[in-house]
Protein chains: 2
Amino acid sequence: MAQRNQLKFIILGLLSENDLTGYDITKAFESDIGEFWSANHSQIYPLLKRLEDEQLISHKLEVVGEKLEKKLYSITQSGKEVLRQWLSEPTPELSATKDEFILKLYFIHTADDPLLMPMLTEQHQLHEAKLHHLQEQMAKKFPDHTSQNNLGHFLILQHAIQRETRYTAWLVDLIEKIKTD
Amino acid sequence: MAQRNQLKFIILGLLSENDLTGYDITKAFESDIGEFWSANHSQIYPLLKRLEDEQLISHKLEVVGEKLEKKLYSITQSGKEVLRQWLSEPTPELSATKDEFILKLYFIHTADDPLLMPMLTEQHQLHEAKLHHLQEQMAKKFPDHTSQNNLGHFLILQHAIQRETRYTAWLVDLIEKIKTD
DNA sequence: CAAAAACATGTAAATATTTACATGTATAAA
DNA sequence: TTTATACATGTAAATATTTACATGTTTTTG
């Protein structure tokens with residue numbers, strides 16, 4: 001397996017909060033969940049079918065306008081149990097954080113390599129932009145600075161903001177140090 | 001593609017430093033590179049063959065003892081160019097950091113969920129252990145606190161240590177806050 | 001009202017990744 | 001000297017992930 005089907009649990013988790021269509025789930029990966037997992041609709045639709053076969057979810061058809069049919073999925077009792085079971089299991093893996101920039105950096109041996117500075121400034125710009133985006137999300141989703149029944153979401157945003165703050169600071173330091181060489 | 005063959009470049013990068021066997025490369029993923037990428041020997045051996053077909057690397061046989069043959073791979077000029085090209089390209093992706101614990105946390109809605117505290121203490125223990133491991137690596141590989149022709153390696157270790165320090169501190173804070181509820 | 005953008009759902013093919021299967025040698029420890 | 005461990009190299013099968021192919025509807029914008 002290339003990662004023990006965590007997508008399955010994400011889908012169950014999302015459906016445990018709201019009934020959703022495949023399209024809605026796809027969208028979720030472009031916002032909230034996109035911060036810490038990725039998936040395409042071509043992976044999601046077949047999986048929804050499989051989860052329904054396993055009776056972890058079910059769907060009913062809704063018709064929009066004249067003929068557009070959408071499938072609104074709900075989690076079943078069995079699905080809720082599988083989700084809860086997953087949440088209660090240990091998570092001992094600490095999977096390697098695959099970061100292509102860090103990978104490249106590993107192969108830069110000296111501070112005077114002409115590739116280094118462009119790499120650092122590019123990453124600085126990217127991570128600063130991401131940090132701003134996350135801060136906007138936080139302000140938008142938790143305007144009164146409290147988590148209100150959404151502790152998990154609040155925490156992962158806080159975590160991501162801290163991560164990007166730290167990442168950006170590291171890059172700034174590094175750029176400064178290398179400049180004054 | 002499930003990630004535009006970054007393994008290819010890791011192998012080229014490793015071979016640009018030293019001639020290595022497939023076994024050596026496999027081992028590298030259990031130490032240094034394991035901090036930020038993973039790969040199994042069953043992925044490495046076929047890829048070495050492919051890279052040799054593409055004339056990015058070549059090998060010579062070495063015999064150990066009576067009959068154990070090992071293939072010592074070297075990077076070719078063409079391989080060096082491909083590696084350098086990769087290093088010089090932009091890295092604009094900022095791929096989602098797939099962290100199963102964060103994923104689970106997203107689906108914990110309230111601070112009084114009985115699953116929360118065990119999750120947090122488990123992760124605290126794991127990240128603290130990882131931090132210690134990284135600090136040991138740093139002390140071992142850069143005892144005189146300087147990077148000496150290995151800037152990249154030094155920086156990725158520094159980066160990982162900062163990341164784990166921050167992660168651990170976040171968990172400690174969180175545990176403290178939830179305890180005193 | 002025409003056009004563009006967003007909604008909506010799939011399949012196919014290529015590639016990447018993990019786990020399991022398979023085999024044998026050399027070296028260090030007991 | 002036997003035994004365990006590390007060295008060494010592969011293949012097969014299952015699964016995951018990405019990119020491309022494919023089609024059609026509804027809503028918003030100009």
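Since the model is a prediction, treat every value here as computed from it, not as a measurement. Below, all heavy atoms of this structure are taken into account, side chains as well, without hydrogens, waters or symmetry copies. Below, read A as the first sequence line, B as the second, and so on, with proteins coming before strands; counting in each chain starts at 1.
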>> Regarding E52(A) and K49(A), does a basic nitrogen lie under 4.0 Å from an acidic carboxylate oxygen?
In response: no
> Can we say K8(A) and E54(A) salt-bridge, meaning some charged N sits less than 4.0 Å from an Asp/Glu carboxylate O?
Replying inline: yes
Closest to the [X] side chain, choosing from [options]:
| X | options | value |
| --- | --- | --- |
| H41(B) | dC7(D), dT11(C), dG10(D) | dG10(D) |
| Y45(B) | dA16(D), dT17(D), dT9(D) | dT9(D) |
| K49(B) | dA16(C), dG10(D), dC7(C) | dG10(D) |

> Do any of residues 53-75 of chain B sit with a heavy atom less than 4.0 Å from DNA chain C, and if so which?
Replying inline: V64(B), G65(B), E66(B), K67(B), L68(B)
> Between F36(A) and Y106(B), is the gap from one ring center to the other below 6.0 Å?
Replying inline: yes
Is the shortest side-chain N/O distance from [X] to OP1 or OP2 of [N] below 4.0 Å?
| X | N | result |
| --- | --- | --- |
| R50(A) | dT15(D) | no |
| T26(B) | dA8(D) | no |
| N40(A) | dT17(D) | no |
| K27(B) | dA8(D) | no |
| Y23(B) | dC7(D) | yes |
| T21(A) | dT9(C) | yes |

> For the residue pair W170(A) and H159(B), does the interplanar ring angle fall in the parallel (under 30°), tilted (30 to 60°) or perpendicular (over 60°) class?
Replying inline: tilted
>> Ring-plane angle category for F142(A) and F154(A), please: parallel below 30°, perpendicular beyond 60°, tilted otherwise.
In response: perpendicular
Atom-pair distance ([atom1] on [X]; [atom2] on [N]), nearest Å:
| X | N | atom1 | atom2 | answer |
| --- | --- | --- | --- | --- |
| D19(A) | dA8(C) | CG | C1' | 17 Å |
| N5(A) | dA14(D) | CG | C1' | 12 Å |
| L103(B) | dA16(D) | CG | P | 14 Å |
| D24(A) | dT9(C) | CG | C1' | 12 Å |
| E30(A) | dT18(D) | CD | P | 13 Å |
| F29(A) | dT19(D) | CZ | P | 15 Å |
| L48(A) | dA8(C) | CG | P | 14 Å |

> Quick one: hydrophobic cluster around L68(B), which other residues, with the 4.5 Å side-chain cut-off, linked directly or via members?
Replying inline: V64(B)
>> By the 4.0 Å heavy-atom rule, please label K8(A) as base, sugar-phosphate, or nothing.
In response: nothing
>> Using a heavy-atom cut-off of 4.0 Å across all strands, would you classify S42(B) as base, sugar-phosphate, or nothing?
In response: base
>> Once rounded to the nearest 0.5 Å, what's the spacing between atom OG of S88(B) and atom CG of L83(B)?
In response: 9.5 Å
> What pair of heavy atoms forms the shortest contact from L48(B) to G22(B), and how long is it?
Replying inline: CD1-CA, 3.6 Å
> Which residue lies toward the 5' end of DNA chain D, Q43(A) or P46(B), if each is placed at its nearest nucleotide?
Replying inline: P46(B)
